[in-house]
Number of protein chains: 2
Amino acid sequence: MPTAELGLVSPLSRKISASAILSAGESDVLRSFEANPRPLRRRQEFITEGRKYQNLFVILEGISIRYRVLRNGTRQVVGVMLPGDFAGVPGCLFESALYSVRTLTDSVVSPVSLSRVIELFDVQPRLAAKIFWSFTCDAAVTAERLIAIGRLSALERVAHFVVELLTRMQAIGLADERSFAIPLTQELIGDALGLSVPHVNRVLRQLRDENILKIKEGVVIVKDIDALSELADFEQTYLKPLSISELF
Amino acid sequence: MPTAELGLVSPLSRKISASAILSAGESDVLRSFEANPRPLRRRQEFITEGRKYQNLFVILEGISIRYRVLRNGTRQVVGVMLPGDFAGVPGCLFESALYSVRTLTDSVVSPVSLSRVIELFDVQPRLAAKIFWSFTCDAAVTAERLIAIGRLSALERVAHFVVELLTRMQAIGLADERSFAIPLTQELIGDALGLSVPHVNRVLRQLRDENILKIKEGVVIVKDIDALSELADFEQTYLKPLSISELF
DNA sequence: CGTCGCTTTGATCATGATCAAGGGATGTGG
DNA sequence: CCACATCCCTTGATCATGATCAAAGCGACG
């Protein structure tokens, strides 16, 4: 059973492995980053915009979102964070956190002091390279959504968002060919894509009517991946980083 | 004359210095990254989406933009690149480039092979850290514009964009208190902010009428920085990274 | 059983897109 | 030196995407 097998792998190692080959020693270090598991209930904010942090949080289990609440009261979701992601990048690398992060589901995270990550540059520079390389991939994900929000229609944006999540979930072994479990509310989708809840609702109904996509009770089921990708104008490349290991 | 003085400094060193203290040796390495100056005329594309690159380009002089042309024919400008920036991050770190980059003005860039940058992790890990730290800051700039496009009105977006550029230009000594020279066309502003040209025109007229901002012949003059910042809901923090040097 | 969190739907409104046309400045070739 | 092209800005008229406002439905849960 591949799912069970994957369940045993360190989420962080799995994420970093997407763009780099890890030595046994490096995997050990990454596992040490996961040594302080801390359970969080759903809807719990564990990074707050404006506060100062001296650590990051590795997400071991569960889904979180990174967002900002603007002065005008609206919320913009900057990204969805999956197991293996570092919550707090890049937000916590500034004088005060740039975004808030909260869980969508019951989660487990492990704090890692910033100094430990920085130390890696001295102690295990190649591992540091691999970690920072994966930060760069995360940056590409953000840029793709910037493009989507700037120039796609509401329908296309929703398609793009779903394909992004499907692909990322697959990459860490948490999605099968056509579906994944993330409790996407319509409000959340709207806040991620710059749309209102009623409009997201209409777009989702259209996708459901056309038998392209169904979201039900926290499970997203893609009925027609071709139609969805077509709508999304999706750039697969941005989830295929060069393997940094080849470059050393 | 501070301007003349700054003109002598390596653009790359100046950029990295914003978030880290550089040793003399490190500055030398950075200067070596600038050793192959290559002049480019304005409007010249030097990175093309979909092509493969094995190097980055340090921008020594001039302004460039990073963008994608979508299937529907529209263009989204992902970012504006200033002297000291690495063109090709993160776009060139993938199988094929994610974005195109072209100059807005006559420019000078210097190619740096990706392997040289990666080598730094072995040879000068602390310098590598500082460079990747600055990539992280760039990622924050992108995320801020994502937020702006997602949740601000056209007027507010334009204000935000101008304040972003003013602040970044000031950080590298290319802007005074209230103005800077970047040939922003209305089309460019629209493509950066997800707006149409006629609408950008109207917004700019409003800002001009209210004596807040004037753009004329490639020079942006901020008449009322308070009003502009107020509109922009601008998060100063994101341009004030922690000093990585303190963390070692 | 009532509240909460989320979805759904309809009616109206407005921001900003699109379409169309023209204008001014600069540059270029004949 | 003129003719024409290019690039960019400007303005107006109309349209439409998606926001806002309002209300109701509907599970799940305590």
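Heavy atoms only: backbone and side chains are in, while hydrogens, waters and symmetry mates are out. A note on names: the letters A, B, ... follow the listed sequences, proteins ahead of strands, and every chain is numbered from 1.
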- Select one nucleotide: of dT10(D), dT8(C), dC6(C), the one nearest the side-chain heavy atoms of Q186(B). dT10(D)
- Message: Using the side-chain contact (heavy atoms from CB on, under 4.5 Å) criterion, which residues pair with E45(A)? Sequence neighbours excluded.
- Response: T48(A), Y67(A), S100(A), R102(A)
- Note on the structure: From CD of Q206(B) across to C1' of dT10(D) the rounded distance in Å is 16 Å
- Query: Does the pair D191(A) and R151(B) meet the rule for a salt bridge (Lys or Arg N to Asp or Glu O under 4.0 Å), with working shown?
  - Reply: CA-CA 8 Å; D191(A) 287 347; R151(B) 288 304 191 195; 2.6 Å; yes
- Message: From CZ of R42(A) over to C1' of dG5(C), roughly how many Å is that when rounded to an integer?
- Response: 9 Å
- Counterpart residues, side-chain hydrogen bond (donor to acceptor under 3.5 Å, both in side chains), relative to E95(A) (two or more places apart): none
- Can you name the side-chain hydrogen bond (donor to acceptor under 3.5 Å, both in side chains) partners of S179(B), sequence neighbours left out? D176(B)
- Message: Using whole Å, what does the distance between atom C1' of nucleotide dC6(C) and atom CD1 of I182(A) come to?
- Response: 18 Å
- Looking at residues 144-161 of chain B, who's got a heavy atom less than 4.0 Å off DNA chain C? S153(B), A154(B)
- Item | SB check R71(B) E156(A) (cutoff 4.0 Å) | no
- The nucleotide from dC6(C), dA17(C), dA19(D) with an atom nearest the side chain of L195(A) is dA19(D)
- Roughly how many Å is it from CG in D209(A) to C1' in dT7(C), rounded to a whole number? 15 Å
- Task: Describe the nucleic acid contact of G194(B) in one word from base, sugar-phosphate, nothing, applying a heavy-atom distance below 4.0 Å.
- Result: sugar-phosphate
- Item | I182(A) side chain reached by L104(A) side chain, heavy atoms, under 4.5 Å | yes
- Query: Of all residues at least two apart in sequence or in a different chain, which pass the side-chain contact (heavy atoms from CB on, under 4.5 Å) check with A87(A)?
  - Reply: F46(A), I47(A), F57(A), I59(A), M81(A), V101(A)
- Query: When all nucleic acid strands are considered with a 4.0 Å heavy-atom cut-off, which category describes S196(B): base, sugar-phosphate, or nothing?
  - Reply: base
- Message: Angle between the two end axes of the helix from dC1(C)-dG30(D) to dG30(C)-dC1(D), five base pairs per end, rounded to 10 degrees?
- Response: 30°
- Any salt bridge between R41(B) and D106(B), counting N to O under 4.0 Å? no
- Can you check whether Y99(B) reaches P90(B) side chain to side chain, under 4.5 Å on heavy atoms? yes
- Note on the structure: Across all chains, not counting sequence neighbours, the side-chain contact (heavy atoms from CB on, under 4.5 Å) partners of E61(B) are V108(B)
- Message: If I take atom CG in residue D191(A) and atom C1' in nucleotide dC6(C), what distance separates them, rounded to the nearest angstrom?
- Response: 14 Å
- Message: Would you compute the distance between atom CD1 of I147(B) and atom OG1 of T142(A) and round it to the nearest 0.5 angstrom?
- Response: 10.0 Å
- Message: Could you work out, with side-chain hydrogen bond (donor to acceptor under 3.5 Å, both in side chains) as the rule, every residue matching R145(A), not counting sequence neighbours?
- Response: E164(A)
- Message: Just the rounded figure in Å: distance from P of dT7(C) to CD1 of I215(A).
- Response: 9 Å
- Message: What is the separation between atom CG on N72(B) and atom P on dT17(D), rounded to the nearest whole Å?
- Response: 14 Å
- Task: Encode nucleotides 24-30 of chain D as B, S and - characters from 5' to 3', where the letter depends on protein heavy atoms closer than 4.0 Å: B to the base, S only to sugar-phosphate, - to neither.
- Result: -------
- Message: Applying side-chain contact (heavy atoms from CB on, under 4.5 Å), can you list everything that pairs with D138(A), at least two apart in sequence or on another chain?
- Response: K15(A), D85(A), F135(A)
For residues 213-229 of chain B, tabulate all N or O donor-acceptor pairs below 3.5 Å that involve a side-chain atom, not counting sequence neighbours.
{"unit_1": "D224(B)", "atom_1": "OD1", "unit_2": "D226(B)", "atom_2": "N", "d": "3.3"}
{"unit_1": "D224(B)", "atom_1": "OD1", "unit_2": "A227(B)", "atom_2": "N", "d": "3.0"}
{"unit_1": "S229(B)", "atom_1": "OG", "unit_2": "I225(B)", "atom_2": "O", "d": "2.8"}

- Rounded to the nearest Å, what distance is computed from the CD1 atom of residue I189(A) to the C1' atom of nucleotide dG18(D)? 16 Å
Scan nucleotides 9-11 of chain C against the protein and return all N/O pairs shorter than 3.5 Å with their distances rounded to 0.1 Å.
{"unit_1": "dT9(C)", "atom_1": "OP2", "unit_2": "R205(A)", "atom_2": "NE", "d": "2.8"}

